[in-house]
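Keep in mind that the numbers below use all heavy atoms, side chains included, and drop hydrogens, waters and symmetry copies. Sequence positions, counted from 1, serve as the residue numbers for this chain.
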Amino acid sequence: MTQQQQYKTVPLYGGAITATLPAALADASTLRPVPDTQEVWVSTIKDSNLSVIIDLLECVPGSTLHEVLTAHMDEVMRLSGASNASIVGTDSDMTSIIKSVTEGVTLCGIRIFTFMDGRGVSASTALGVLRLEPALATDVLVSVNGGTIEDMRKVCAEVLRSLRIEDKTLFQ
C-alpha cells in the first residue's frame, strides 16, 4: 500500500464536518487563502499532483444524479475555462450506500470526466456530489484531481462514503 492509499479522518470546516482523506494530503489553507465554503487538500509527496477540494454549494436545479452532476460539471468547466468535456464511463450512483450510513442524504454519486484545461492540456477530474436534506439546501461537491482515473474514483468514493455532518449549524 502506498502512502497515498493510506487514509486519515480529518476535521473540516472547523470540525462541523469530518471525512476520510488520503494521509499524504495537507490542508492547503496553511499555505494560501482558501474560500470559506471550501476545504482544499494537496499532496505532500514529491511528483504527486493529487488534490481534493470539498465545496459547500447551494443545490443546483435537478432531482436526478445525472441532472445534478451535469449542472455541477458545467459550472466547474465554466469557472476553470475548460472545454471539450467528455464523460469517462458511467456515473456511479452511491445514493443507497450513503443513505444507509449518513442521515439526511438525498442523492450521492460520482462522475469522471476529461477536458481540455485553460492551457490546452488534457486533464481528468472525479466529481462527486452529496446532496443534503432539503432543510439544509446544500450540495457537497468533492473534486479529486491527479493520479489515474481509478485512483481518483476511489479517493472520491472514500471521501463521500466517510463524510459526516457533526454540526448542522454550519448550514444556517
Side-chain angles (χ1 to χ4, degrees), residues 4-5 7 12-13 17 19-22 24-29 31-43 45 47-99 102 105-132 136-163:
Q4 283 186 346
Q5 292 170 320
Y7 289 87
L12 305 169
Y13 302 97
I17 297 175
T20 303
L21 300 175
L25 297 183
D27 184 349
S29 69
L31 307 170
R32 64 172 176 83
V34 172
D36 289 345
T37 62
Q38 288 185 345
E39 287 281 343
V40 179
W41 292 74
V42 295
S43 181
I45 297 175
D47 298 327
S48 171
N49 59 353
L50 180 67
S51 66
V52 175
I53 301 169
I54 301 167
D55 208 348
L56 302 179
L57 302 169
E58 290 183 31
C59 291
V60 295
S63 59
T64 68
L65 182 62
H66 175 76
E67 291 169 334
V68 172
L69 283 170
T70 297
H72 282 299
M73 183 184 83
D74 290 348
E75 184 66 3
V76 167
M77 298 287 293
R78 185 186 69 74
L79 290 173
S80 65
S83 61
N84 300 325
S86 60
I87 299 168
V88 179
T90 58
D91 296 343
S92 303
D93 189 342
M94 298 175 57
T95 306
S96 61
I97 297 166
I98 301 302
K99 278 184 165 183
T102 304
V105 172
T106 61
L107 182 112
C108 183
I110 299 170
R111 171 177 288 171
I112 310 291
F113 64 101
T114 60
F115 56 93
M116 297 300 284
D117 71 12
R119 302 165 302 176
V121 176
S122 179
S124 297
T125 294
L127 189 65
V129 66
L130 190 142
R131 177 161 283 180
L132 299 176
L136 301 180
T138 302
D139 283 347
V140 179
L141 195 66
V142 176
S143 303
V144 179
N145 304 288
T148 68
I149 288 172
E150 189 55 32
D151 286 345
M152 288 188 297
R153 182 187 309 274
K154 286 178 182 177
V155 170
C156 194
E158 179 59 30
V159 173
L160 290 171
R161 189 176 4 266
S162 66
L163 196 132

*asked:* Under the criterion side chain to side chain contact (heavy atoms under 4.5 Å, CB included), I'd like the reasoning laid out for Trp41 against Asp27: C-alpha separation, chi angles, the key distance, then a yes or no.
replied: CA-CA 5 Å; Trp41 292 74; Asp27 184 349; 3.8 Å; yes
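- Scanning both residues, Leu107 and Ser63, for their nearest heavy atoms gives CD1-O, 3.7 Å.
- Pairing each heavy atom of Ala19 with each of Leu12, the nearest pair is CB-CD1, 3.8 Å.
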*asked:* Could you walk me through whether Val129 and Cys108 satisfy the side chain to side chain contact (heavy atoms under 4.5 Å, CB included) test, starting with their C-alpha distance in whole Å, then the side-chain angles of each, then the deciding distance to 0.1 Å, before giving a yes or no?
replied: CA-CA 5 Å; Val129 66; Cys108 183; over 6 Å; no
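- Closest of all the heavy-atom pairs between Gly147 and Met152 is O-CE, 4.1 Å.
- Looking at Arg111 and Leu65, their side chains never come closer than 4.5 Å, going by heavy atoms from C-beta outward.
- One finds the CD atom of Glu39 at 11.5 Å from the CD1 atom of Ile53 (value rounded to the nearest 0.5 Å).
- Not a single salt bridge (charged side-chain N to carboxylate O under 4.0 Å, His left out) links Glu67 to another residue, sequence neighbours left out.
- Atom CD1 of residue Ile112 and atom CZ of residue Arg153 lie 4.5 Å apart, to the nearest 0.5 angstrom.
- For the atom pair Thr102 OG1 and Met94 CE, the distance stands at 9.5 Å (nearest 0.5 Å).
- Contacts of Glu58 classified as salt bridge (charged side-chain N to carboxylate O under 4.0 Å, His left out), with partners at least two apart in sequence or in another chain: none.
- Every residue was checked against the ring-ring contact (aromatic ring centres under 6.0 Å, His included) condition with Tyr13, not counting sequence neighbours, and none meets it.
- Rounding to the nearest 0.5 Å gives a distance of 8.0 Å between CG of Leu25 and OG of Ser51.
- Side-chain contact between Ile98 and Arg161 is present, with at least one heavy-atom pair separated by less than 4.5 Å.
- Checked against side chain to side chain donor-acceptor pair (under 3.5 Å), Thr106 has no partners two or more places apart in sequence or in another chain.
- The minimum heavy-atom distance linking Leu163 with Ile17 is given by the pair CG-CG2, 3.8 Å.
- Nearest heavy atoms, Gly128 versus Leu160: CA-CD1, 3.9 Å.
- The distance from atom CG of Asp151 to atom OG of Ser124, rounded to the nearest 0.5 Å, is 12.0 Å.
- Judged by distance alone, with hydrogens and angles left aside, the side-chain atoms of Ser162 form a donor-acceptor pair with the main-chain N or O of Val159 at under 3.5 Å.
- Summarising the geometry of Met73 relative to Ala85, their closest heavy-atom pair is CE-CB, 4.3 Å, with the distance given to 0.1 Å.
- In this structure, the separation between CZ on Arg78 and OG on Ser83 is 14.5 Å, given to the nearest 0.5 Å.
- With contacts defined as side-chain heavy-atom distances shorter than 4.5 Å, the pair Ser86/Phe113 does not qualify.
- With sequence neighbours left out, the salt bridge (charged side-chain N to carboxylate O under 4.0 Å, His left out) criterion links Arg119 to Asp117.
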For residues 137-146, run the donor-acceptor check on the side chains, cut-off 3.5 Å, and write out each pair with its distance to 0.1 Å, sequence neighbours left out.
from	atom 1	to	atom 2	distance (Å)
Thr138	OG1	Leu136	O	2.7
Asp139	OD1	Arg131	NE	2.7
Asp139	OD1	Arg131	NH2	3.4
Asp139	OD2	Val60	N	3.2
Asp139	OD2	His72	NE2	2.8
Asp139	OD2	Arg131	NH2	3.0
Asn145	OD1	Thr125	OG1	2.6

